[in-house]
2 protein chains.
Amino acid sequence: MVVTPGNAAEPCRGCDARALSVCSVIEDKDLCRLASLTHVEAVEPGREFITEGDPADDFFNITAGTAKLFKMLADGRRQITGFAQIGHFLGLAARNRYSFSAEAVDRVRLCRFSRPRLRRLLDDYPAMERRLLDVASNELVAAQEQMLLLGRKTAVERVASFLLGQMAHGGLRGGSPRVIHLAMGREDIADYLGLTIETVSRSFTRLTGDGAIVRHEAANIEILSLDRLRSLAGEGG
Amino acid sequence: MVVTPGNAAEPCRGCDARALSVCSVIEDKDLCRLASLTHVEAVEPGREFITEGDPADDFFNITAGTAKLFKMLADGRRQITGFAQIGHFLGLAARNRYSFSAEAVDRVRLCRFSRPRLRRLLDDYPAMERRLLDVASNELVAAQEQMLLLGRKTAVERVASFLLGQMAHGGLRGGSPRVIHLAMGREDIADYLGLTIETVSRSFTRLTGDGAIVRHEAANIEILSLDRLRSLAGEGG
DNA sequence: ATGCGGTCTTGACATGGATCAAGGTCGCGC
DNA sequence: GCGCGACCTTGATCCATGTCAAGACCGCAT
């Protein structure tokens with residue numbers, strides 16, 4: 001293999017996540033610098049790579065796989081605040097210490113940036129700072145939507161809303177249209193929706209009975225009627 | 001009254017909220033420009049000044065009073081996602097349309113900025129953009145905390161956590177220490193905590209019975225034991 | 001002072017979702 | 001192809017919170 005001068009930019013140039021992430025504001029000619037700042041890692045399923053309360057030294061960009069972000073109470077109750085997938089920027093919701101934990105659901109690939117290095121990059125690229133503000137604003141909108149779900153929706157509405165959200169998140173499988181592949185198990189869904197696994201399961205059964213979905217192997221959900229699913233979700237979302 | 005050349009900056013120079021808000025990054029010499037960009041308004045209790053779904057033409061900065069931010073479902077169920085008080089910057093969680101509504105709880109004073117004007121100000125003051133990112137990050141942390149509350153805490157834990165949050169928010173009255181004045185009624189508290197007013201009321205009664213608080217006229221809550229309140233809240237928050 | 005309307009508290013009862021307890025299903029290693 | 005463990009579904013029962021229904025309290029106008 002021939003090493004060309006442009007090689008140092010390779011990890012970023014070929015990155016599947018670039019177009020979807022904050023890195024898209026970096027021009028091609030500067031990819032080399034971007035690549036020099038970051039450190040690519042793989043995280044095995046079940047491994048925790050951010051721990052609530054630890055010093056928030058790094059930021060992350062997910063390039064493949066799915067991670068869950070969560071907070072816990074002392075007695076073990078857990079709330080998953082979101083799932084991070086390709087292009088998701090992680091660590092914003094941090095001051096000096098991480099305010100949440102993050103764990104890989106399936107095999108995750110990510111880029112790690114140290115805080116001071118990212119700070120310098122942001123100073124040189126005001127557009128990136130603007131992009132981060134957009135990202136944060138979008139997350140805030142999503143968080144408010146989730147508060148509405150957790151505070152006011154019924155179990156069936158929560159599960160229907162969750163499926164609609166997963167559809168939007170490109171969870172659509174290549175082959176068949178309208179089939180959602182769920183990377184996470186029932187326990188994670190329950191902890192995301194503020195329910196128990198039994199109630200999640202019963203809600204899937206209920207959605208099936210109502211003719212909105214069909215289950216194939218628990219992780220693959222086929223949407224039979226988007227309209228019905230929407231109306232069962234309590235609103236558009 | 002003598003009109004001096006510096007007068008145009010007056011609304012901002014004397015602003016109680018400046019030190020607490022994003023405006024603090026604007027230097028004194030430029031207050032005049034800041035003042036020219038904004039438009040001061042008063043909002044009467046119960047009036048809605050942001051409506052979900054409307055074009056998001058303006059941003060707001062609260063300078064006095066308390067506003068509630070909320071989302072509703074078609075059938076009238078409501079979730080209050082937060083209360084905005086002095087220094088709070090509003091409208092971030094917006095793209096082209098507002099994703100939430102806002103209504104004055106008591107008499108609110110606010111500054112209104114048009115979107116394009118704020119954009120130009122941000123371009124001249126990168127520090128303000130950075131400050132906004134900090135603001136958004138903090139709100140994200142608060143939103144995640146609230147998701148934990150809504151998804152996993154019991155009624156008493158929610159009310160105890162709410163009181164601790166109100167204490168932190170400078171809700172402490174000047175005179176007595178440890179007395180919290182609640183600007184909002186029980187219905188707003190219920191819609192913020194994902195409960196009914198009856199359950200909020202019973203939780204206050206329970207906290208009283210446990211010796212954590214005393215109620216004076218429903219809106220004034222005296223904290224008898226911060227430790228007890230903390231432990232009843234399920235954690236630090 | 002008196003009465004009125006709005007807000008808060010309390011009580012009795014109903015219920016959605018949690019908990020407890022089996023089974024069922026699937027994938028994987030031997 | 002068999003058995004084991006992990007995960008999912010289903011059923012029976014329980015309980016925290018919601019719902020329905022009085023009252024109590026308070027500020028306010030007369």
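Note that the structure is predicted; figures quoted are calculated from it, not measured.
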Those residues that, when tested against [X], pass salt bridge (charged side-chain N to carboxylate O under 4.0 Å, His left out) (two or more places apart):
X      : answer
B:D75  : B:R77
A:R107 : A:E44
B:R202 : none
A:D58  : A:R112

Not counting sequence neighbours, which residues clear side chain to side chain contact (heavy atoms under 4.5 Å, CB included) with [X]? List them please.
X      : result
A:A104 : A:V43, A:V108
A:D210 : A:R206, A:L232
B:S203 : B:A155, B:V156, B:V159, B:T199
B:S24  : B:R131

Proximity to DNA chain C (any heavy atom under 4.0 Å), residues of residues 185-201 of chain B only:
B:G185, B:R186, B:E198, B:S201
Rounded to 10°, tell me the angle between the two end axes of the helix from C:dA1-D:dT30 to C:dC30-D:dG1, each built from five pairs.
30°
Interface limits on DNA chain D, where chain A has a heavy atom under 4.0 Å of a nucleotide atom:
D:dC8 to D:dA12
Any idea how B:F89 and B:F113 line up, ring-wise: parallel (<30°), tilted (30 to 60°), or perpendicular (>60°)?
tilted
All pairs passing salt bridge (charged side-chain N to carboxylate O under 4.0 Å, His left out) where residues 61-71 of chain B contributes a residue, at least two apart
A:E145-B:K71, B:E52-B:K71, B:K68-B:E103, B:K68-B:D188
[X] [atom1] to [N] [atom2], straight-line distance once rounded to whole Å:
X      : N      : atom1 : atom2 : result
B:H216 : C:dT7  : NE2   : C1'   : 19 Å
B:L207 : C:dT9  : CG    : P     : 12 Å
A:R202 : C:dG16 : CZ    : P     : 13 Å
A:R158 : C:dA18 : CZ    : P     : 8 Å
A:N220 : C:dT25 : CG    : P     : 18 Å

Please check the phosphate of C:dT9 (OP1 and OP2 only) for any side-chain N or O of B:R215 closer than 4.0 Å.
yes
Give a yes or no answer on whether the side chain of B:Q79 reaches the backbone of B:D191 with a donor-acceptor pair at less than 3.5 Å.
yes
Per nearest nucleotide of DNA chain D, the residue lying toward the 5' end, B:T154 or A:M184, is A:M184
